[in-house]
Structure formats: structure tokens, C-alpha cells
Amino acid sequence: MRILVTGAAGYVGGHLINSLLQDERFADYEILGIDNFSVGKKENYDLIRKNGRVTLEYGDICDSGIKEFLKDVEIVYHLAAISGVAACNKYPELALRVNVGGTLNLLEQAVKSDVEYFIYPSSAAVYGEIEEELARENLPLNPLNKYGAMKASCEALCRGYYNSHGLGTIVLRFTNIYGVGTYPKWRTAVTNFIKRALSGENLIVHGSGEQKRDFIHIDDVVEVYKFIIKPQAKGGIFNAGSGYVASIREVAETVLEIAKREGKEIGIDFVKPRESKERTFGYDISKLRSLGFESRFDLKKGVEKTFKDVKRIIKKGYEEFQREI
Ligand SMILES: NC(=O)c1ccc[n+]([C@@H]2O[C@H](COP(=O)([O-])OP(=O)(O)OC[C@H]3O[C@@H](n4cnc5c(N)ncnc54)[C@H](O)[C@@H]3O)[C@@H](O)[C@H]2O)c1
């Protein structure tokens, strides 16, 4: 039995592989990770803890040769993508080819190879602007950007393959992921705040900071990926958040509090907003909870862990950090 992880050198991919390798429930699986190294770098990929059960190879999800990687595969974690709003805005045609075309290619081959579970990471970006206070899975999709629109298209493809071929697709709509994964994403709010705090710089908040989001720690994210392998989840779409909603200002204040304990007296600089509207919405994760999932990290605990992790990376270097976790 095998598991295929596409985008294995990415922020989530490598972290997921490390976690699968350490988890008893997946002890009988061989794990194959593929990436084309366009974003995730070979150096990160090399840091994935290797043992006899994992193979890491170059592979492009847009190639027809992808079928070679699907032999004997029971679970596909399809994480390869041009990820994020900015990248999809900058390279829309490439993003369409990889995100939608690559997903179609993989779904097609997954059916031919009798894959049991096909896990697709979607995003809260599919909701876009909503009237309701809580984003629930049954709301109509209203993406505000190309990234969200492509996620919505891939969700529809997954649904189509479930309906027409019985492929066990499961869509996870993740909210804002933070923490150190295979590598730190410095552009995300939490990690960026921590890095600035550690170098004694004020934190920068765009707009009033009152816009609220659900934040999920990367360690919870990999738990969701493993937890969701259940027959009753097939064909399903799940909001995947922590259930802890916080404003950006609260996130910044949490970082300031920890920084203060570390002797860093800094503040917050409010600058002009990035988006014309400051959108706020809560995230209903009751569907995921009804299957029994509970996140382990509230915001405070998750930020504390991320702070420690970033400090270790800055002090010891990234390779040493990866060896120790
Ligand atoms: N990180 C988040 O906050 C977040 C939130 C919601 C959903 N997601 C989704 O989760 C998935 C993984 O996200 P991530 O943060 O790890 O992104 P990432 O950019 O770190 O990783 C994606 C990986 O895919 C690889 N890749 C790109 N094109 C490829 C191709 N044609 N063939 C093979 N590999 C290719 C890249 O080299 C990279 O290593 C993406 O679909 C993303 O949209 C992420």
C-alpha cells in the first residue's frame, strides 16, 4: 500500500510526510513524495526525514507520466499547486494550467489506478464575501480572486469525479495556516510578526487590524489530513479550521506579549489597508468536529509554539531545527 503526496517539498507537504512517517496508523504504508521544485526547494526536500518507507522524486502534476507514480497508491494527498492569491494574480495562466489542469490530470489517473482516497486542500477563499457571520460548507461560493475561483473549480472537479466514478474525493477548506512547516512562510502574519519582534522591529498591521479570521496551526493541519481518512468522509467537503477566531490586532498583541517576556519592547504600526474592504468572518467547523476532530492549538498555544520554533531557527539555523523536531 502506498501514499502519494504531491507538492512534497512545499510548506505543508514535507511536514505532512514527516508526520505520516511518525504515525503508527500509517506504519504499513510506503510514502512517495513528488514535486517539481518550482516553489519548494530541493534543500527543504532533502531535510525530510528519510527512512526506508519514503521515496522522494521529481515529478510534474501536469505530465501524463504522472500515472507511473500512482501504481498501488491507496491515498493521494494532492498538495502541489501555485499556492496563494498573490502568485495566482501574478501568473494566472500558469496557475490555471497547474492548479486546475494538473488536478484534472491527477484525478483522471487516480480513477484509472483505483485510488481509494483523494484529498484536496481547498481554501476559505472560495467563500469570498459572505453576508452571514459564519462560513458554513453549504453557502454558495463567491470567490473574490483567481486563487479562490480556481479552488472552487477544483472542488467541482473533485465532486464530479466522486459522482461519476465513485473516486473517494475529500475536500478540506483550510483557513489561515500558520506555524513552521517544512519551512517558515515569512509572509504570513504570525511568522512575520514573530520575526520582526525578534529583531526588535515594530509589527506592521494593514488597516484597523479588526478584521477577524480563524487561524489553524500547521501541526493541526497535518492532523486533519490524517484524521480525515475515513470511509464516511468520502465525497465530503469540510471547513478545516481551529474554531479559534481572532482579529489581526489580537494576533499582533499575542506576539507582543511573548516578545515582552523576552525583553523586547516594541509596538504596532498601523498602515493603509491592503484590501479595499476589511472582511471578517467566523468559521463553522462543526461538520469536521462531528466526525470527532478537535484542534490541539488555540491561538495563544499556537503562537507560543511558533515563537519558540522561529527562535530556534534563527539561533541554530534551519537544518539543525529540522533535525531536532
Ligand atoms: N498554506 C496555506 O495557508 C494554505 C491554506 C489553504 C489551502 N492551501 C493549499 O494547500 C496546498 C499546499 O500549500 P502549501 O502552503 O504547502 O504551498 P507551497 O507553495 O509551499 O507548496 C506547493 C508545492 O507544489 C509544488 N509544485 C508547484 N507546481 C507543481 C507542479 N506542476 N508539479 C509538481 N509540483 C508542483 C511547488 O514546488 C511547491 O513545493 C495548496 O493547494 C494550497 O493552495 C494552503
Side-chain angles (χ1 to χ4, degrees), residues 4-19 32-48 56-66 69 76-88 90-91 93-106 109 118-127 135 143 145-155 157-158 171-192 213-222 224-225 238-242 283:
L4 173 67
V5 180
T6 72
Y11 169 65
V12 181
H15 203 59
L16 174 62
I17 292 180
N18 278 336
S19 177
L32 169 61
I34 61 165
D35 204 294
N36 72 351
F37 307 117
S38 56
V39 178
K41 294 295 159 229
K42 182 88 170 66
E43 305 88 85
N44 300 322
Y45 192 63
D46 288 339
L47 290 172
I48 294 170
L56 307 163
E57 290 189 33
Y58 173 93
D60 192 313
I61 55 162
C62 299
D63 288 351
S64 57
I66 201 84
F69 297 122
V76 173
Y77 288 110
H78 175 33
L79 310 185
I82 305 299
S83 178
V85 176
C88 290
K90 198 165 176 195
Y91 309 106
E93 283 164 16
L94 173 70
L96 183 71
R97 192 166 64 78
V98 174
N99 294 358
V100 183
T103 300
L104 177 71
N105 187 31
L106 201 61
Q109 300 305 333
F118 187 101
I119 314 303
Y120 181 72
S122 184
S123 157
V126 296
Y127 291 114
N145 48 50
K146 298 171 192 95
Y147 175 67
M150 289 183 210
K151 286 288 177 203
S153 310
C154 290
E155 287 195 6
L157 283 174
C158 286
V171 170
L172 298 167
R173 287 183 185 154
F174 285 105
T175 47
N176 292 60
I177 303 177
Y178 70 98
V180 177
T182 308
Y183 53 84
K185 276 201 170 178
W186 298 119
R187 274 179 304 138
T188 58
V190 177
T191 334
N192 178 279
R213 297 277 187 283
D214 179 301
F215 290 86
I216 182 166
H217 190 271
I218 182 77
D219 290 358
D220 274 337
V221 169
V222 298
V224 175
Y225 275 117
F238 297 87
N239 278 351
S242 64
Y283 219 52

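Read the numbers this way: they start at 1 and go in the same order the structure lists the ligands and their atoms. Here, residue 1 is the first one in the sequence, and each next residue gets the next number. Only this structure's heavy atoms are used, side chains among them; waters, hydrogens and symmetry mates stay out.
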Could you find the nearest protein heavy atom to atom 2 (C) of ligand 1 and give me its residue, atom name and distance?
Ile177 CD1, 3.5 Å
Is Lys185 near ligand 1, meaning one of its heavy atoms is under 4.0 Å from it?
yes
Give me the atom names and distance for the closest heavy-atom approach of Gly10 to Asp35.
N-OD2, 3.7 Å
Consider ligand 1: state whether an atom of it lies below 4.0 angstrom from any non-hydrogen atom of Ser38.
yes
Nitrogen or oxygen of Ile82 less than 3.5 angstrom from that of ligand 1
no
Is Asn36 touching ligand 1 with its side chain, its backbone, both, or neither, if touching means heavy atoms under 4.0 Å apart?
both
Just distances here: any N/O of Ser123 and N/O of ligand 1 closer than 3.5 Å?
no
Going by the rule salt bridge (Lys or Arg N to Asp or Glu O under 4.0 Å), which residues pair with Asp60 if we only count those two or more places apart in sequence or in a different chain?
none
Under 3.5 Å: N/O of Val12 near N/O of ligand 1:
yes
Looking at Lys151 and Pro121, would you say the former's side chain and the latter's main chain have a donor-acceptor pair under 3.5 Å?
yes
Any nitrogen or oxygen of Thr175, main chain or side chain, under 3.5 Å from a nitrogen or oxygen of ligand 1?
no
Enumerated ligand 1 atoms positioned under 4.0 Å from heavy atoms of Ser122:
6 (C), 7 (C)
Enumerated ligand 1 atoms positioned under 4.0 Å from heavy atoms of Gly40:
36 (C), 37 (O), 38 (C), 39 (O)
For His217, side-chain hydrogen bond (donor to acceptor under 3.5 Å, both in side chains) partners two or more places apart
none
Side chain to side chain, His78 and Cys158, heavy atoms closer than 4.5 Å:
no
Return the option from Ile34, Leu172, Asp35 holding the heavy atom at the smallest distance from atom 39 (O) of ligand 1.
Asp35
Answer yes or no for Tyr120: is there a heavy-atom contact with ligand 1 below 4.0 Å?
no
Short question: side chain of Asn145, backbone of Val85 - any donor-acceptor pair under 3.5 Å?
no
Looking at atom 8 (N) of ligand 1, what's its closest protein heavy atom, distance included?
Tyr147 OH, 3.7 Å
Is Asn99 reaching over with its side chain to a backbone N or O of Ala81, donor-acceptor style, under 3.5 angstrom?
no
4.0 Å heavy-atom contact, Gly181 with ligand 1
no
How close does the nearest protein non-hydrogen atom get to atom 21 (O) of ligand 1, and which residue and atom is it?
Gly10 CA, 3.3 Å
Under 4.0 angstrom from ligand 1, any heavy atom of Lys151?
yes
In terms of relative ring orientation, are Tyr225 and Tyr77 parallel, tilted or perpendicular, with 30° and 60° separating the classes?
perpendicular
Numbered in order shown, the ligand 1 atoms found under 4.0 Å of a heavy atom of Ala80 are 24 (O), 33 (C), 34 (N), 35 (C)
Minimum-distance protein heavy atom relative to atom 13 (O) of ligand 1
Ser83 OG, 3.7 Å
Heavy-atom donor-acceptor pair, Thr6 side chain to Ala80 backbone, under 3.5 Å
yes
Are Tyr283 and Arg173 side-chain neighbours, meaning at least one heavy-atom pair lies under 4.5 Å?
yes
Is a side-chain donor or acceptor of Asp214 paired with a backbone partner of Ser242 at a separation under 3.5 angstrom?
yes
Determine, considering heavy atoms only, which of Thr188, Leu79, Val39, Asn99 sits nearest to atom 22 (C) of ligand 1.
Leu79
From Ile218 atom CD1 to Ser19 atom OG, the distance as rounded to the nearest 0.5 Å
10.0 Å
Of all the non-hydrogen atoms in the protein, which one sits nearest to atom 32 (N) of ligand 1, and at what distance?
Ile61 N, 3.0 Å
Kindly assign one of parallel, tilted or perpendicular to the pair Phe215 and Tyr178, based on the angle between their ring planes and the thresholds 30° and 60°.
perpendicular
Quick one: does any side-chain atom of Asn105 pair with a main-chain N or O of Asp63 as donor and acceptor, under 3.5 Å?
yes
Counting distance only, does the side-chain N/O of Ser153 pair as donor-acceptor with the main-chain N or O of Ala149 below 3.5 Å?
yes
Under 4.0 Å from a heavy atom of Gly59: give me the atoms of ligand 1 that qualify, with their elements.
32 (N), 33 (C)
Heavy-atom contact check, 4.0 Å cutoff: does Ala8 meet ligand 1?
no
Of all the heavy atoms in Tyr178, does at least one lie under 4.0 Å from an atom in ligand 1?
no
Among all protein heavy atoms, pick the one closest to atom 31 (N) of ligand 1 and tell me residue, atom and distance.
Asp60 OD1, 2.9 Å
In ligand 1, which numbered atoms sit nearer than 4.0 Å to a non-hydrogen atom of Tyr183?
18 (P), 20 (O)
